[in-house]
Structure formats: C-alpha cells, structure tokens
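All residue numbers refer to positions in the sequence shown, counting from 1.
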Amino acid sequence: MRRLGNLLIGRDATSYRPAETRAGRTVSVGFAVLAVGFALGYVTGGVSVRTSLMLLSGMIAAVSIAAGLRRHRVTDQRPWVLVILALLLLTVSNAAWLYAALAGLVRPPDLLVVPPQLGGYVFMLAASLLIVLRHAPRDASGTIDAAVWGIALAAPVWEFAFRPHMLRAGMGTAGLFLVLTQLLVLLGICGALLRVARTSEAGRACLNYLFASLGCTILGIGLINMGPVTGDNASLPALSFAIGYLALGAAGLHPSVKQLSEPAANLAPPTPKLQLGVLGTALLLIPLCGALGQLLGQPADGLLLTIAPLLSIPLVLVRISRLKHALIYQATHDELTGLVNRRQLFTEMQKAIAAHAGGAPGDLALIYCDLNGFKPVNDEYGHEAGDAVLRATARRITEAVRTGDVVARIGGDEFLIFCVDADDATARALGDRIARSIAMPVPWGGSELVVTAAVGAVTRTERRIVAPDELLAAADERMYADKRASAQGRQNLRPERLDERHQVLPHVVQVDPVEAESRIAS
C-alpha cells in the first residue's frame, strides 16, 4: 500500500484580523482532534477500518480545501484545484485497497493503484510549481534550483537506502518505479518549500501544515518500504499517510491560504543568475548514483537514470527559459522603474507610426516629461532618495495615463508617454494630469520630497512614415517651451501638431476639462 498527501508553498506575511485568528485556531483544534481520532482508530481497528479511515482522510482533505477556497476568497485557485484533483485520484487508489481488504485479497490490481497514484503525484508537483512561482517571483529561479537539488539528493537516498532493501524483499519493477517516482517528486517539492520558507512570513501557518503533510508522506513511504509492516507495525505507514492528508486539508482550510496563494507583484524584478556549477553538480549526481552499481560490477539502475532526468531536465529548461525572458526584459526595460526603455519605446512607436500611415484611426501623441527640482533632492538627501522619487514618478505616470499608453524612462529624470488615438485635448489633459500627480510630495525618511514636471506634447495627424526621433525632438522642444513659459508665469501650452510646426503657438488654448477627461476615459 503506497499513499500520498503533501506539499505546496507559502508567501509573505501579514498579521491576521481577529476573525481570521479565531478561524485559524479552529482549524488547528480541528486538525488535532481528527489526528488523535484517526490514531485511535488505526491502533484499535482492523485492516478494513484502517483502509476506510485512509479513504475518509483523503475525502476530508479535498472537501476542506474546496471550502477554504470559497470561504477565504482565494483569487488564483488553480494550484489548489490541482491538489483536489490529485486527492481524488489518490482516493481511487485508496478505494481499491478498501475493496481488496473487504474481498480478502492480498492487494488490489496494479492497474487500480499505480496509475491513480502517479497521476496524483503529477498534479501535486504541478500545483507546487504554480504556487512557488506565484509566491516568490523575485526568487523563482532560485526555487527551481532548489527543486532540482531536491530531486538530485533523492538519488543517493534511493540508491543506497531504499533500492537495496526493496530488491532484497523481491519488489517488482512496478513497485520500484512507483516508490522512486514518489521519492523524487516529494524531495523535489521539499527543496522548493525550503527555499520559499527562507522569506515566507505571511501564510506561515499554511506553510507549516504543508511541511507536516510532506513529512508524514515521506515517513510513510520510508516505513512501508524500509521496515516490517506486519502485526502492530502494519498501521504505522497508513496512519502517517492519513495524517498527511489531514494536514493538507488543514493547509487549504486555514485563513493563511489566501496570503500563501496570492501572487506577489514586483515593479522591476531582477535578472536571475544562471549558476551553471550548481545546476551541473545537481544533474551529475543522478547519473553518478545510477551508474555506481555498474562501476562496482553490478547492474546499473535504469529506473533512476530514466525517471530522475525526466523530472529534473524540464525544470532546468524552465530555469533557462526564465533566464532568457529575464534577459529580454532587461534589454527592453529600465532596471530602476520597470518602465520600457528608449529602445523598446522606439520599437513600439515605429509599429504605431507605420499603422497610422497605413490608415489606422486616430492621431498619435508623444508627451515629454522632465522633472524640475530633481537635482537638489539628490544633492540634499542622496541618490537613494532620488531613486525613490524616480520610482514614485514612474508609478504616478503609469496610473495617470490610459490603458494602452506606453510609458518609458529614457534616462535620468526624463520620461516619455506615447499615445495612440489621442488628439490635442486628450494629450493636454494627460499632460496636466501627469504634472499634478508628480507634484504630490513623496514621503522619504520622515521628510517630504517635492519635485514638479515640465511637460511638452506633440500630436501627429499627417499619415506618413516619420522617424521616432523626429517626434522626440518636437516633444523635447515643447517641453523646454513649457519650462520657459513656467518661468514667465505661463503654463498649459497647447500640444503642437507636427504638420503645423511652421507655426509658433505660444498662446494658451482653453479646453473643457470635462470633455478632455471624457476623452481620456474613452
């Protein structure tokens, strides 16, 4: 009898409200009561009772997780849905064992046990990866590395502890395959969990239950494959699996499941580093362990040499893919603010200009924003304060513009906003909104940092190909005109049209603010 009940991951912490604290305590008390009740049932009951309790524990876990998702309004339920599907598959396997116990059979047919258990493990692994990648987006690559190392460390445990004992006991290929897969997946998940636990505070209770579930499952596998399971010892592996199921259900029902499952957002995630030595050592450990027997004159472990790479290599490919995407992100975005950089902005502008020349509806607008008073902030408070101002400016501009507008930082304290389907009034209203937002103080170390913005905008109506540099130069000119006008007490210059550049437009054009705001909203 082989079983499962484990896993998943956690996220950063926050203090619970009183109602959540009470709910968490209720879950803890309920788990303790069920664990004690199941332990008494396993100790005093026969084979059919123990198998029935095993079946019941999986069903309780699935129902508890479903109830927790609904009660705590978890936003991204996909990982936990995979866990529920895994529990349902494992319940099929447990039902087969119950049928065998009631029918007086030694064991049920492998077809009713092996495929459901393998499917359950696959769903569990997929769910754990989903939660890991959402829990630690800044450390997802490190977490994948930890999972690869967990799989690698399972190789010597299998080769020098489990496999010799199971071969002496006459275990067949199907049994060896199942236990090896369980061990590789569980230790891979354990590695990812340990990595996440380094920074996990919120969702800590949920994470602890998942660790308990994982530990109970590994203990059960060890007991059933490494020690005698007859007489009084027969109930210990099954009890360990059942408590693992219950712990998994408690993890899904606990209020901290929401904090555990919510994706973490980052403005500008750093580029992960591909540590080839670390990954290479982990990948070499598997064939070394698998082939060691052959080096000593014994048959090589074909199962380990086949299954472990099938699990670890896809993780390595995901790791490399993430590095590739991170490098692309780094090449197209500003590291400090997370906005697109000049190169990516010009790429977007070239596409829009070509579409506009080809007859796409609406006009194009480019808004140039330069900060006033930024250098004194840097000089007086230091570059960290200046970085805080730049990040706040990037966030405020992004919140002020319309969906689909491209916001870029092109260097220093200069920002560009490229707008498709934006006329003069829309561009002006956007510029005014951006300037007002930037002028709000930025809290810093007990002080308030204040900068303002000079904003210049150009719109383009003529439908012909033009270089992005030409729009940039025109917007730059209008921005400096705004600086001069501000110095003379005049602001809010009308956006200049590129096909009207032979005209000088120093006068103020009044625009109905309600109409302008409605254009932005549309």
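- Counting heavy atoms from C-beta outward, Leu390 and Asp413 have side chains that approach closer than 4.5 Å.
- Put simply, the side chain of Ile438 does not reach to within 4.5 Å of the side chain of Thr452, judged on heavy atoms.
- When all heavy atoms are compared, the tightest approach of Val455 to Ala435 is CG2-CB, 4.2 Å.
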Between Phe123 and Ile84, does the side-chain contact (heavy atoms from CB on, under 4.5 Å) criterion hold? Intermediate values first, please.
CA-CA 9 Å; Phe123 280 128; Ile84 293 175; over 6 Å; no
Take Thr393 and Arg396 through the test side-chain contact (heavy atoms from CB on, under 4.5 Å) and record every step on the way to the result.
CA-CA 5 Å; Thr393 299; Arg396 291 172 179 181; 5.8 Å; no
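- Of the possible polar contacts, none joining the Ser213 side chain to the Tyr209 backbone as a donor-acceptor pair under 3.5 Å is found.
- We find the OH-CG distance between Tyr368 and Asp476 to be 4.5 Å, quoted to the nearest 0.5 Å.
- If you take CG on Leu449 and CZ on Phe374, they are separated by 10.0 Å, rounding to the nearest 0.5 Å.
- At least one side-chain heavy atom of Val148 sits less than 4.5 Å from a side-chain heavy atom of Val316.
- With rounding to the nearest 0.5 angstrom, the CE atom of Met349 is 4.5 Å from the CG atom of Leu366.
- Between atom CG of residue Leu183 and atom CG of residue Leu178 there is a gap of 11.0 Å, rounded to the nearest 0.5 Å.
- Sparse packing is recorded around CZ of Arg73, with 12 or fewer heavy atoms of other residues, nucleotides or ligands lying under 6.0 Å away.
- Ile367 CD1 to Ile434 CD1: the interatomic distance, rounded to the nearest 0.5 Å, is 4.5 Å.
- For the pair Thr459 and Asp423, the minimum side-chain heavy-atom distance is 4.5 Å or more.
- Across Ala360 and Arg463, no two heavy atoms sit closer than the pair O-NH1, 2.6 Å.
- With rounding to the nearest 0.5 angstrom, the NE2 atom of His72 is 5.5 Å from the CG atom of Leu253.
- No donor-acceptor pair under 3.5 Å is formed between the side chain of His356 and the backbone N or O of Asp363.
- Across every non-hydrogen atom of Asp421 and Arg402, the tightest pair is O-NH1, 3.1 Å.
- Nearest heavy-atom pair, Gly120 versus Leu89, reported as atom, atom and distance to 0.1 Å: N-CD1, 3.6 Å.
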Go through the steps to decide whether Trp149 and Thr281 satisfy the test side-chain contact (heavy atoms from CB on, under 4.5 Å), and finish with yes or no.
CA-CA 9 Å; Trp149 261 104; Thr281 303; 3.8 Å; yes
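- Residues Gln182 and Ile218 are not in side-chain contact: their nearest non-hydrogen atoms beyond the backbone lie 4.5 Å or more apart.
- Nearest approach of Leu305 to Gly290, heavy atoms of both residues: CD2-CA, 3.9 Å.
- Inter-residue side-chain proximity for Ile313 and Leu317 is flagged as met; some heavy-atom pair is nearer than 4.5 Å.
- Counting all heavy atoms, side chain and backbone alike, Ala247 lies closest to Ala212 at CB-CB, 4.2 Å.
- Side-chain contact between Cys419 and Thr426 is absent, with no heavy atoms from C-beta onward closer than 4.5 Å.
- With hydrogens and angles disregarded, a donor-acceptor distance shorter than 3.5 Å links the side chain of Ser256 to the backbone of Cys206.
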Can you list the steps and then say if Leu416 with Leu345 is a side-chain contact (heavy atoms from CB on, under 4.5 Å)?
CA-CA 9 Å; Leu416 289 175; Leu345 173 68; 3.4 Å; yes
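- Side-chain contact between Arg460 and Val466 is present, with at least one heavy-atom pair separated by less than 4.5 Å.
- Salt-bridge annotation for Asp334 and Arg391: absent, with no side-chain N of the basic residue lying under 4.0 Å from a carboxylate O of the acidic one.
- With Thr398 as reference, Leu339 is the one residue of Thr337, Asp405, Leu339 to meet the side-chain contact (heavy atoms from CB on, under 4.5 Å) rule.
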